[in-house]
Protein chains: 2
Amino acid sequence: MKQAVTLKDLARELNIATSTVSRALKGNPEISAVTTARVQKLAKELNYEPNALALSLRHSKTNTIGVILPELVHFFFSTVISGIEDIAYSNGYNIIICQSNENIDREILDTKALFNHRVDGILACVSRNTSVYDHFIAIQDKGIPIVFFDRDVPIDASKILSNDFEGGYNATKHLIESGKINLIHLSGPEGLMLSEQRTRGFIQAHQDLGIPFNKEKILRCGDGDAQENYKIIQNTLKKGMKFDGIFAVNDIAAVGALQALQAAHISVPQEVAIVGYSDWQFSSFISPRLTTIRQNGNEMGRKATELLLEEIHSKDIFIEPKCITLPTKIILRETTLNK
Amino acid sequence: MKQAVTLKDLARELNIATSTVSRALKGNPEISAVTTARVQKLAKELNYEPNALALSLRHSKTNTIGVILPELVHFFFSTVISGIEDIAYSNGYNIIICQSNENIDREILDTKALFNHRVDGILACVSRNTSVYDHFIAIQDKGIPIVFFDRDVPIDASKILSNDFEGGYNATKHLIESGKINLIHLSGPEGLMLSEQRTRGFIQAHQDLGIPFNKEKILRCGDGDAQENYKIIQNTLKKGMKFDGIFAVNDIAAVGALQALQAAHISVPQEVAIVGYSDWQFSSFISPRLTTIRQNGNEMGRKATELLLEEIHSKDIFIEPKCITLPTKIILRETTLNK
DNA sequence: TATAATAATGCAATCGATTACGATAATAAA
DNA sequence: TTTATTATCGTAATCGATTGCATTATTATA
């Protein structure tokens, strides 16, 4: 098997010490111009590339950021990753991405793996059903900074969140202002702070605009795939419940609802209007095009990475955790009446 | 700053040699039961975790696989990643994912970064506009095995491809058999082998089924986003070109075409039928639901990883590159007439 | 000419873990 | 009692690169 070229190989070939080779390669003025030239020439010839492992070990610094998130396939998360990459790469950092698949056990394994690889810091969005946080605390205790994003956690660390309350509030306000006052809400899983915030926004908007509200308006959907929400709306219609607007916790749920309505020959948005959440890629494709709340995933990724790098670069002095909440934006499309 | 616990720390605390600690931790019988117990107890107390960097350096083995692919957000690629994860994790390997963003320069940087991190092997799907392959050859020359997937490359290496010819053939055959004989094809970028294969299938099906074919039936779309294909179909209609079926190189293009038809009040599938490619997530959401060709991404990821691990584990002996072509499957939905 | 200053390079420790080999002590065999 | 054997543990080299501290050789200064 071919072996990678090392400093030692260059040194042997040129009959000098590895330390000299090392210095010559980085243009140290202590080394004579002649020697430097010889070394750099040979290095190029043999295609020498430094071993990042050895460097990391030496410097106790991997220049690598670990990223833990629930699923790659979500459009929102992929925009977050782009933001992370932008900042990380331009600062000379690599990233390692781990999917937890919304699985707490996988998440625990991921944190361990990232620690064992001695990443310089971690960006994490916890899985939906994470309720203990020891694995993160343990990492922090070992001196590795963590910044959480998108989903809130009861941990003393920096966080970049989206203003889910505001999103829920504005979605609901838009529905009400377009004349729909008998709304239902397809809500996310209990315990997931983010979905509870959206629900809170839903309720608050009712109160602020003087629209009556009761708990029956909230329909809880578990995983929130389209199929499930299709059935929920189907059942709701079957039970004879009346409504003229739906605020769904995400676009997938919204599509499920939309299809149930279409199957029942209920016109959207004339009879029932719909607002989704997150502005998935398909939301502008489907017919009618879906009104939704856009979160700035790229910005979230960038901000989170900037914060993390700050903490990495000042490992010695204590840094007060920051919590940044990013604004959302409503994207008006065809599933709501726009006046 | 808190520092991670090392073997040396344990050794100092217990007043024994690090070599003894190392052996005790892995239950080496040369170490007395008493000592072993003491070491393991302390290790647990101090939450000792071995430094993967040091191990990798020592063994010249990182147990890490590098993955290079164009974009994470593509549903197909995310299923490939799941397949890769399944096999990699169950074999004790971690993965590092790099997005090239269909950018050759980024791709070159990625290969370098992965090599510098001394990954044990690489799984790669080249970017759309990659036409030189020196960066991959260089990696191979350093003894790191590479397995390519999805997109074919003129490199002597193992490959897992999808049978794009078959997919294009069956899509076209289905359209013709459902009574549509005046088809057009929204084709992918020139030079991308995969899209040329699909086009070849389109042509061959015409010939085999005795349907006249001419080059005007092929409309080339560059990047292939929905907007672009919307315009292409719009222009085609404006020019008065007649057609009753569309085979699109991917689902996004198909949706663009679909929307252009709907805007022109042309009924799908009655007047014009559509077949897409790749079975994106949204394809079963939209209305009408899209008939498409499904590629088994998970299987592709699994097979590619298995092949790569084989090559990694037999680094010394030469392994003949294998090329596996996976079958595709047509998913019949509402954008075509199904008889 | 003797000494100091400078330039150029080598030696060896270091990062954290592993492992071949050597060393010590205790026990068994002769 | 002396030697061989075994159990147990330590020493040092190693992976690849860096870097503080010598060590030379050369030139400048007194």
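Throughout, protein chains are lettered first and strands after them, A, B, ... in sequence-line order, and every chain is numbered starting at 1.
Heavy-atom distances to DNA chain D give each of B/Ala54 and A/His59 a nearest nucleotide, and the one nearer the 5′ end belongs to B/Ala54.
Residue A/Ser19 is in base contact, counting any heavy-atom pair closer than 4.0 Å across all strands shown. A/Leu53 comes within 4.0 angstrom of no nucleic acid atom, judged by non-hydrogen atoms across all strands.
Residues A/Ala43 and A/Leu25 share a closest heavy-atom pair of CB-CD2, 3.7 Å.
For B/Glu102 (side chain) and B/Arg128 (main-chain N/O), a donor-acceptor pair under 3.5 Å exists by modelled atom type.
Checking C/dG10, D/dG16, C/dA17 against the side-chain heavy atoms of A/Thr6 singles out D/dG16 as nearest. Listed candidates were D/dA17, D/dT19, C/dG10. Nearest to the side chain of A/Thr20 is C/dG10.
Side chains of B/Thr6 and B/Asn51 form no contact here, defined as non-hydrogen atoms less than 4.5 Å apart.
Look at CG on B/Asn116: it is 10 Å from P on D/dA17, rounded to the nearest Å. Rounding to whole angstrom units, CG of residue B/Leu55 and P of D/dG16 are separated by 15 Å. Atom pair A/Ile16:CD1 and D/dT24:P shows a separation of 19 Å (rounding to whole Å applied). In this entry the distance linking CZ of A/Phe115 with P of C/dG16 reads 11 Å, nearest Å.
Applying the 4.0 Å criterion to OP1 and OP2 of C/dC15, one finds that B/Lys8 has a side-chain N or O inside that range.
Taking the centre and axis of the six-membered ring of B/Phe149, the NZ or CZ atom of B/Arg151 falls outside the cone set by 45° and 6.0 Å.
Atoms CG and CD1, on A/Leu307 and A/Ile324 in that order, are 5.0 Å from each other to the nearest 0.5 Å.
Heavy-atom distances under 4.0 Å link DNA chain C to A/Arg23, A/Glu30, A/Ile31, A/Ser32, A/Thr35 of residues 22-46 of chain A, given in residue order.
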Identify every side-chain donor-acceptor pair in residues 69-93 of chain A under 3.5 Å, counting partners at least two apart or on other chains, and give the distances.
unit_1	atom_1	unit_2	atom_2	d
A/Ser78	OG	A/Phe75	O	2.8
A/Thr79	OG1	A/Phe76	O	2.5
A/Ser82	OG	A/Ser78	O	3.3
A/Glu85	OE1	B/Gln99	NE2	3.3
A/Asp86	OD2	A/Arg302	NH1	3.0
A/Ser90	OG	A/Asp86	O	3.0
A/Ser90	OG	A/Ile87	O	3.1
A/Asn91	ND2	A/Ile87	O	2.8
A/Tyr93	OH	A/Lys61	NZ	2.7
A/Tyr93	OH	A/His313	NE2	3.1

